[in-house]
Engineer: 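Supplied in C-alpha cells, the structure appears directly below.
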Amino acid sequence: MSRIGKKPVSVPSGVTASMENGTLSVKGPKGTLSLTMRDEISYSLEEGAIAVKPANDSKAARAFWGMQRTLVQNLVTGVTDGFSKTLEITGVGYRASAQGKKLKLQLGYSHDVDLEVPEGLEVKTPDQTTVEISGSDKQKVGQFAAEIRRWRKPEPYKGKGIKYRGEFIFRKEGKKK
C-alpha cells in the first residue's frame, strides 16, 4: 500500500478543483493547471480534499497510485504558492542577464547563449551570478533549470559552472608533481 497515496490532497480556500472528460483542473490565484487522469486510478472530490485511490488491484494501479497523488499535490501547490529554483554561476567571466523573455548567458564560449524563456515561467537575475526561475508548473521550472545547467555543468577541480543553490560539488585534488 502506498503511504503517500493514502493521504488525501487538501484543497485550500481560494482554490477550486473540477473533473471533466478525463482531466483534473485546479484553478487558483496563480493560474490554472490540469492533469490527464489515468484509467488505473480513481479520483474523487470530497469536502476540501481530492482523494486518489487505485481503481482496481492490478500491479500498474498500485504503481501509479503514489505518483498520481504527488502530481495532484503539485497542481494544488503550483496554483497557490508556485515553485522556484535558483541557479548559481561560478567562474571568471561567467554571467547571466534576463532581458524580457530572453535569458542571456556568457559562459566562456566564443558566443553568448540566448535562451527563450518558456510560457508561464518568470526568470530573474538579482545579480550577474544568480538566476531565479519561478512558475506554477513544477515540471516546467525543473526542466528549464536543467536546460540552463546543461550549458556548463560544474566541474570537480575548480568548481566552475552552473549549479543549483544548495547543491554540493564533490571536489577533486589536482595532479601532484
Engineer: Which pair of heavy atoms, one from P54 and one from I41, lies closest together, and at what distance?
Structural biologist: CA-CD1, 4.2 Å

Engineer: Answer yes or no: is there a side-chain heavy-atom contact under 4.5 Å between E155 and K172?
Structural biologist: no

Engineer: Between E116 and K101, is there a side-chain N and carboxylate O pair less than 4.0 Å apart?
Structural biologist: no

Engineer: Please identify each residue that fulfils side chain to side chain donor-acceptor pair (under 3.5 Å) with K177, with sequence neighbours left out.
Structural biologist: none

Engineer: Take a 6.0 Å sphere around CG of N21 and say whether it holds more than 12 heavy atoms from other residues, nucleotides or ligands.
Structural biologist: no

Engineer: Show the atom names and distances, to 0.1 Å, of all donor-acceptor pairs under 3.5 Å that link a side chain in residues 103-113 to residues at least two apart or in another chain.
Structural biologist:
residue, atom, partner, partner atom, Å
Q106, OE1, R95, NE, 2.6
Q106, OE1, R95, NH2, 3.3
Y109, OH, W151, O, 2.5

Engineer: Mind listing the side-chain donor-acceptor pairs of residues 135-142 below 3.5 Å, one per line with the distance, residues two or more places apart or on another chain?
Structural biologist:
residue, atom, partner, partner atom, Å
D137, OD1, Q139, N, 3.2
K140, NZ, E119, O, 3.2

Engineer: For the backbone of A61 and the side chain of S58, can you confirm whether one donor and one acceptor N or O come within less than 3.5 Å of each other?
Structural biologist: yes

Engineer: Between atom CD1 of I133 and atom OG1 of T125, what is the distance when rounded to the nearest 0.5 Å?
Structural biologist: 11.0 Å

Engineer: Start with the C-alpha gap between R62 and D57, add the side-chain angles, then the distance that decides, and say whether side-chain contact (heavy atoms from CB on, under 4.5 Å) holds.
Structural biologist: CA-CA 7 Å; R62 290 191 321 268; D57 204 28; 4.1 Å; yes

Engineer: Could you give the distance from CG (L121) to CD (Q143), rounded to the nearest 0.5 Å?
Structural biologist: 10.5 Å

Engineer: Just so I know, are the side chains of Q128 and S97 near enough to count as touching, which here means a heavy-atom distance under 4.5 Å?
Structural biologist: no

Engineer: Just how far is it from atom OG of S34 to atom CG of L75, taken to the nearest 0.5 Å?
Structural biologist: 7.5 Å

Engineer: Just grab all the side chain to side chain donor-acceptor pair (under 3.5 Å) pairs involving residues 39-51, residues at least two apart or on different chains.
Structural biologist: R38-E40, Y43-Q68

Engineer: What salt bridge (charged side-chain N to carboxylate O under 4.0 Å, His left out) pairs are there with at least one residue in residues 15-35, not counting sequence neighbours?
Structural biologist: none

Engineer: Under the salt bridge (Lys or Arg N to Asp or Glu O under 4.0 Å) rule, collect the residues that match up with K124, sequence neighbours excluded.
Structural biologist: E122

Engineer: Say whether V9 and V79 are linked into one hydrophobic cluster, either directly or through other cluster members, by side-chain heavy-atom distances under 4.5 angstrom.
Structural biologist: yes

Engineer: Please name all residues satisfying side-chain contact (heavy atoms from CB on, under 4.5 Å) with D127, sequence neighbours left out, ordered by chain then number.
Structural biologist: T129, T130

Engineer: For S10, which residues count as a side-chain contact (heavy atoms from CB on, under 4.5 Å) partner, sequence neighbours excluded?
Structural biologist: none

Engineer: List the atom pairs, with distances to 0.1 Å, where a side-chain N or O of residues 80-91 and a protein N or O form a donor-acceptor pair under 3.5 Å, not counting sequence neighbours.
Structural biologist:
residue, atom, partner, partner atom, Å
T80, OG1, V76, O, 2.9
T80, OG1, T77, O, 3.1
E88, OE1, K163, NZ, 3.2
E88, OE2, R165, NE, 2.8
E88, OE2, R165, NH2, 3.4

Engineer: Using the side-chain contact (heavy atoms from CB on, under 4.5 Å) criterion, which residues pair with T70? Sequence neighbours excluded.
Structural biologist: I4, N74

Engineer: Indicate if V26 and M37 have the same hydrophobic cluster label, given that clusters are the connected sets of ILVMFWY residues with side-chain heavy-atom separations under 4.5 angstrom.
Structural biologist: yes

Engineer: Tell me, which pairs form a ring pair (Phe, Tyr, Trp, His ring centres under 6.0 Å) where one or both residues lie in residues 156-177, sequence neighbours left out?
Structural biologist: none

Engineer: Would you say the side chain of L35 lies within less than 4.5 Å of the side chain of T23, judging by non-hydrogen atoms?
Structural biologist: no

Engineer: Mind running side-chain contact (heavy atoms from CB on, under 4.5 Å) on R152 and K160 for me, showing each step along the way?
Structural biologist: CA-CA 8 Å; R152 271 282 190 226; K160 290 169 47 172; over 6 Å; no

Engineer: Are F64 and I50 joined in one hydrophobic group, where the rule is that I, L, V, M, F, W and Y side chains link up if heavy atoms are under 4.5 Å apart?
Structural biologist: yes

Engineer: What residues form a side-chain contact (heavy atoms from CB on, under 4.5 Å) with P8, not counting sequence neighbours?
Structural biologist: A49

